[in-house]
Participant: 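I am attaching a structure below and will ask some questions about it afterwards.
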Amino acid sequence: MELNVSENLNEKQKLAVKHTEGPLLIIAGPGSGKTRVITQRIAHLIEHCDVKPWQIVAMTFTNKAAREMKDRLETLFSGEEQHRINASTFHSFCAMLLRREAEFLSLNQDYSILDDTDQISLLKRVMDEVGIDPNQWKVRSIQSAISNAKSKLMTASAFRAGKNSYFEEIVDRVFTRYEELVSQSNAVDFDDLIMNTNILFQNHPEVLEKYQSRYLHVMVDEFQDTNLAQYQIAQQLAGLHKNLCVVGDPDQSIYSWRNADITNILSFKKDYPDATEISLEQNYRSTKTILAAAQKVISPNQNRVDKDLWTQNDEGSPIIIAEAYDEFEEARITLNEIQNLIDAGICKPDEIAIMFRVNAQSRVLEEACLKSGVSYQLIGGIRFYQRQEVKDIVSYLRLLNNFNDDASLARIINIPQRSIGKTTLSKLSEQATAGGCSLWDQIELVVNQTNGDKSTSFLNKRSLNSVQVFYSLMKEIYDESKDLDLQSKMDLVIERTGYRNYLQNMEHGEERIQNLNELRESSADFSSIEDEEGLDPLTIFLERVSLISDVDHLDDHVNSITMITLHQAKGLEYKAVFIVGMEEGLLPHSRSLEHPEQMEEERRLCYVGLTRAHSRLYLMRAFRRGFRGNYEPSVPSRFLMDIPSKLTLNKGGNITQRDSKILKKTVSAQKSIFATETKSPYEEYKERIRQKKINSSKKQNDYNAGDKVVHDVFGEGVVVDVKAIPSDFELTIAFKDGLGIKKLLLQLAPIKKLNNK
DNA sequence: AAATCGTGGATTTTT
DNA sequence: TCCACGATTT
């Protein structure tokens, strides 16, 4: 149980761990051992400062990070106590708190949490209701305006008071009604979780005081990605003891589009002028080469404070920069190299990640994996809980948990088909709106009212009948499932609603049924949950489902490579990292080209990607990329130009000085709104690359079957076969020393001819 | 109410 | 190009 915290920590880390009184700001560069510092600090508090585990609350960015923190503490302490440490995301923390304190709110304990899709569908309903043309005003933009307001703690009425444009006028009309509908549904959206907690603290100081006195220490990880509303929560929780420790790195702030507020760090310094600031600058993760490249990429940002990152690690290998002809070849080359790394025993599959800017890029990569037989885990993409069949069953469960959940009811009322179509549903919803009640209440009303007399209903006889059937079905399921455990409840729903049948008659039905089995599995832990607050296991399960993220599913030690977006990769690390799509328009993304601030965020995103790598970094791009049907020639990412060539090795498609000139021209031309001005550098570039392609294909004559070659990694070998493939050549080479026959791409393979001929 | 056809628009990132 | 949604048909 004795714990010596100062061991294995550098001086700055020790300072951070031993600072136990008052506000603390830790600026933690990438790979600076941040997680270790946080856990050691908690351990130190418990060990030496007589702080009880339950007096500490730690906010993390993902559930996975929270779990890992608990796991680490578990290895430091043998007892049960570490379980009482409150480590969770802001959203989970607030969700739990709101349930616990539901009596102070206009919510029931079993409220639903609306996800993105629920939100969109409610907003559509509202827009329809208040007569706003969805073609003229995009639902997404209204959603984001509302979310933005809430993350700044602005209520609908505050928004109304401050509205300042025609768009905001439109938003205001939707906002007000949306709020009504949500609260009538006994539901909250993601932003409400944070916002309502703030409001609760404001309206009921006694509740706040309870938590303030309980939590002696408050920690916030990934502070650069919190929004104002979240910061406010942290501040209030620490309001009594002032032991607020925030950890972050402004250079890794990549969620401003989700209203994360980079100025929170500045505010912190202002709000706590006596705060201690510690900057962790020694990097334990990456090679000197990778770290230097990352620094070069981030430093052009205007809006930042320079850090002096350093590492004792080796130089390591150069960063490989490679150009492929198109996205298919990019994927092939990437997978080929990955196989080399694995075959040569340099990396295990789970030490390798492919990262990309947008999910759409993953498909080609997936196919390449399948082709080459490399197993992978794809994070994100079509997210598990967003799959139709999963979402449907979850909606049924949500309805059973909270019949006022309009979003869920609207989703499943006609799935499987029950002859309750759009018109019937909109009539019901119209009446519900008029009567100020939920859809379910309205249905109940209709069914009961018309039990005797069917002619008075606003529905025709057939629809009415269908609605009645649905009503009694749900009632029956509810009654029967009351005392069942979670899994049996789920089974009951799947069978009795006819959902299983519905799937069976569908193409890919088996796959979907598999997904439901997986959902069933995932609920196993909740069936027997011992709940302290007297909550239904179903409620807890549903909360988990709403707040879980994709990275939470990431398995660390499976025998497969990881494919992940750059955003999701934050906080992770891999021995070898491939970033694909290093092109203007993709990274940096085209949406950021005209906005300097967004461009800085793209740069940070790239920086996050680069700093995930321990020892091997590959920056891939395609000369042309399929985009909405047609192919566009692409320009290498400006971020590549910032990496000094002495750190890199170019494979195919060197970036020459002339390239950089062209790019510079392109970049400045892009600042102009008119695409025509960008045309000529594009054309020039395209033509030049074309020439280069022709030249490089001529190079193939260098290798013929029978040639002896030497490979950087595999050593000597003999060329067995040369095969032309689009824009490159595939060499089949038999290597010595039992390494066997390998297929390599000419453009990428680090091979030389042995000149004994 | 369901099935078919046609249009427009599109994906940046997600708790 | 592809998909999702809305309008039109049956």
Side-chain angles (χ1 to χ4, degrees), chain A residues 59-66 88-95 113-117 119-121 124 128 133-135 138-140 143-144 147 150-151 188-195 222 225-227 229-230 253-260 355-363 379-383 385-386 388 413-426 460 462-463 465-466 543-552 564-570 581 585-593 595 598-599 601-602 604-606 608-609 625-632:
Chain A
M59 305 295 186
T60 57
F61 193 68
T62 61
N63 297 297
K64 183 169 182 267
S88 64
T89 63
F90 271 103
H91 289 89
S92 308
F93 178 85
C94 291
I113 298 172
L114 304 175
D115 69 15
D116 188 68
T117 20
Q119 227 184 114
I120 294 283
S121 72
K124 277 186 184 160
D128 185 52
D133 179 9
N135 292 320
K138 286 193 219 123
V139 198
R140 283 265 163 220
Q143 181 206 29
S144 104
S147 169
K150 288 184 180 178
S151 65
V188 298
D189 63 29
F190 286 137
D191 300 304
D192 289 334
L193 288 169
I194 314 290
M195 174 130 159
E222 306 285 5
D225 286 321
T226 54
N227 62 34
Q230 291 168 322
S253 160
I254 53 174
Y255 282 98
S256 72
W257 51 273
R258 219 176 72 190
N259 306 315
M355 300 178 185
F356 33 81
R357 176 65 233 263
V358 300
N359 279 119
Q361 290 172 263
S362 69
R363 207 162 117 189
I379 310 302
I382 324 117
R383 292 141 73 196
Y385 289 103
Q386 293 295 345
Q388 244 185 66
I413 192 167
N414 202 30
I415 298 175
Q417 278 123 10
R418 301 189 175 90
S419 299
I420 303 175
K422 225 173 45 187
T423 35
T424 309
L425 186 59
S426 66
N460 65 43
R462 242 178 65 190
S463 317
N465 197 34
S466 310
E543 178 177 308
R544 249 304 277 283
V545 167
S546 314
L547 297 179
I548 206 152
S549 72
D550 290 308
V551 262
D552 296 333
I564 195 166
T565 64
L566 287 162
H567 279 91
Q568 296 180 113
K570 191 182 69 165
L586 210 44
L587 182 66
H589 193 270
S590 53
R591 295 268 243 257
S592 67
L593 295 178
H595 306 279
Q598 286 177 35
M599 182 54 76
E601 182 145 318
E602 294 293 306
R604 294 193 291 268
L605 189 57
C606 183
V608 166
R625 188 172 292 274
F627 185 63
R628 290 187 203 157
N630 53 352
Y631 270 84
E632 300 264 313

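Throughout, protein chains are lettered first and strands after them, A, B, ... in sequence-line order, and every chain is numbered starting at 1. None of these values were measured; they are calculated from a predicted model.
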Participant: I would like to know whether A:Arg140 and A:Asp116 meet salt bridge (Lys or Arg N to Asp or Glu O under 4.0 Å); could you show each step before the answer?
Facilitator: CA-CA 10 Å; A:Arg140 283 265 163 220; A:Asp116 188 68; 3.1 Å; yes
Participant: Let me know the distance between CG of A:Asp191 and C1' of B:dT15, rounded to the nearest Å.
Facilitator: 9 Å
Participant: Strictly below 4.0 Å: does A:Asn414 bring a side-chain N or O up to OP1 or OP2 of B:dA2?
Facilitator: yes
Participant: Dot-bracket, DNA chain B: Watson-Crick or G-U, under 3.5 angstrom, [ ] crossing, | other strand?
Facilitator: ||||||||||.....
Participant: Check whether any side-chain N or O of A:Ser592 sits under 4.0 Å from OP1 or OP2 of B:dT12, and answer yes or no.
Facilitator: no
Participant: Going by the rule side-chain hydrogen bond (donor to acceptor under 3.5 Å, both in side chains), which residues pair with A:Glu543 if we only count those two or more places apart in sequence or in a different chain?
Facilitator: A:Arg99
Participant: Check whether any side-chain nitrogen or oxygen of A:Gln417 sits under 4.0 Å from OP1 or OP2 of B:dA2, and answer yes or no.
Facilitator: no
Participant: Just by modelled atom types, is the A:Asp115 backbone N or O under 3.5 Å from a matching donor or acceptor in the A:Asp189 side chain?
Facilitator: no
Participant: Quick one: is B:dA10 close enough that its OP1 or OP2 comes under 4.0 Å of any side-chain N or O from A:Lys138?
Facilitator: yes
Participant: For B:dT14, take OP1 and OP2 only and decide whether either is under 4.0 Å from a side-chain N or O of A:Thr565.
Facilitator: yes
Participant: Grab the CZ-P distance between A:Phe90 and B:dT15 for me, whole Å please.
Facilitator: 15 Å
Participant: Name the one of A:Lys570, A:Arg604, A:Arg258 that satisfies salt bridge (charged side-chain N to carboxylate O under 4.0 Å, His left out) with A:Asp225?
Facilitator: A:Lys570
Participant: Does the side-chain ring of A:Tyr255 lie flat on the base of B:dT13, meaning centres under 5.5 Å and planes less than 30 degrees apart?
Facilitator: no
Participant: Roughly, in whole Å, what's the span from CD in A:Gln361 to C1' in B:dT11?
Facilitator: 11 Å
Participant: Please check the phosphate of B:dA1 (OP1 and OP2 only) for any side-chain N or O of A:Thr423 closer than 4.0 Å.
Facilitator: yes
Participant: Counting only side-chain N and O atoms of A:Arg258, is one of them less than 4.0 Å from OP1 or OP2 of B:dT14?
Facilitator: no
Participant: Can you name the residues that form a ring-ring contact (aromatic ring centres under 6.0 Å, His included) with A:Phe61, not counting sequence neighbours?
Facilitator: A:Tyr255
Participant: Using heavy atoms to find the nearest nucleotide of DNA chain B for A:Gly421 and A:Asp116 separately, return the residue whose nucleotide is more 5′.
Facilitator: A:Gly421
Participant: Listed by chain and number, what are the side-chain hydrogen bond (donor to acceptor under 3.5 Å, both in side chains) partners of A:Ser546, not counting sequence neighbours?
Facilitator: none
Participant: If each of A:His589 and A:Ile420 is mapped to the nucleotide of DNA chain B with the nearest heavy atom, which maps nearer the 5' terminus, i.e. the 5' end?
Facilitator: A:Ile420
Participant: Let me know the distance between NZ of A:Lys422 and P of C:dA7, rounded to the nearest Å.
Facilitator: 7 Å
Participant: Could you tell me whether the phosphate oxygens of B:dT11, OP1 or OP2, come under 4.0 Å of any side-chain nitrogen or oxygen in A:Arg591?
Facilitator: yes
Participant: Between B:dT12 and C:dC5, how far apart are the two C1' atoms, rounded to whole Å?
Facilitator: 22 Å
Participant: For a quick test of reading the model: is some side-chain N or O of A:Asn359 closer than 4.0 Å to OP1 or OP2 of B:dT14?
Facilitator: yes
Participant: With sequence neighbours excluded, what pairs up with A:Arg363 under the salt bridge (Lys or Arg N to Asp or Glu O under 4.0 Å) test?
Facilitator: none
Participant: Taking the side chain of A:His91 as its heavy atoms from C-beta onward, which of B:dT15, B:dT14, B:dT13 lies nearest to it?
Facilitator: B:dT15
Participant: Could you list the residues that satisfy ring-ring contact (aromatic ring centres under 6.0 Å, His included) with A:Phe93, not counting sequence neighbours?
Facilitator: none
